[in-house]
Amino acid sequence: MGNICKHYIGGCWVDSVSDCGGHTVINPATESEICNLRFGGKADVDNAVNAARNAFPSFSVTSVSARVELLKSIFIEYEKRADD
């Protein structure tokens, strides 16, 4: 069983700055534990919002083709992790 203890903020996996506990994810088909997730709190959300605001000026002027390529790369990564 894996642990997901970090948040993806500002293009990096970072430790949570909040102590909000977590949650065990259960596979509904087998009722086995899949992983533990760490909850984020207000400070984590504030950090994510600030990162998004900082990224907006440059991202908002990217071309449609660049955005399409980004979405394709995300899709490819999802396919790689399908078994997860």
Salt bridge (Lys or Arg N to Asp or Glu O under 4.0 Å) contacts touching residues 2-13 (sequence neighbours left out): K6-D15
Going from CG on L71 to CD on E69, what distance comes out if it is rounded to the nearest 0.5 angstrom? 9.5 Å
Side chains of N36 and V25: does their closest heavy-atom pair fall under 4.5 Å? no
W13: hydrophobic cluster co-members (side-chain, 4.5 Å): Y8
Partners of S73 by side chain to side chain donor-acceptor pair (under 3.5 Å), sequence neighbours excluded? none
After noting the C-alpha distance and the side-chain angles of I76 and I74, does the key distance pass the side chain to side chain contact (heavy atoms under 4.5 Å, CB included) rule? CA-CA 5 Å; I76 289 168; I74 292 169; over 6 Å; no
Who pairs with V49 by side chain to side chain contact (heavy atoms under 4.5 Å, CB included), at least two apart in sequence or on another chain? V45, R53
So the ring-ring contact (aromatic ring centres under 6.0 Å, His included) pairs with at least one residue in residues 37-63 (sequence neighbours excluded) are none
My understanding is that only residues two or more places apart in sequence, or in another chain, count here; which of them pass side chain to side chain donor-acceptor pair (under 3.5 Å) with S63? S65
With sequence neighbours left out, the residues meeting side chain to side chain contact (heavy atoms under 4.5 Å, CB included) with A43 are V17, S18
Linking Ile, Leu, Val, Met, Phe, Trp and Tyr by side-chain heavy atoms under 4.5 Å, what else ends up with V64? V68
Less than 3.5 Å apart, any donor N or O on the side chain of S16 or D44 sitting next to an acceptor on the other? yes
Y78: what forms a ring pair (Phe, Tyr, Trp, His ring centres under 6.0 Å) with it, not counting sequence neighbours? none
Checking E31 now: which residues fulfil side chain to side chain donor-acceptor pair (under 3.5 Å) with it, not counting sequence neighbours? none
Applying side chain to side chain donor-acceptor pair (under 3.5 Å), can you list everything that pairs with K72, at least two apart in sequence or on another chain? none
For H7 and R38, work out which heavy atoms get closest and say how close. CE1-O, 3.6 Å
Quick one: hydrophobic cluster around I9, which other residues, with the 4.5 Å side-chain cut-off, linked directly or via members? V14
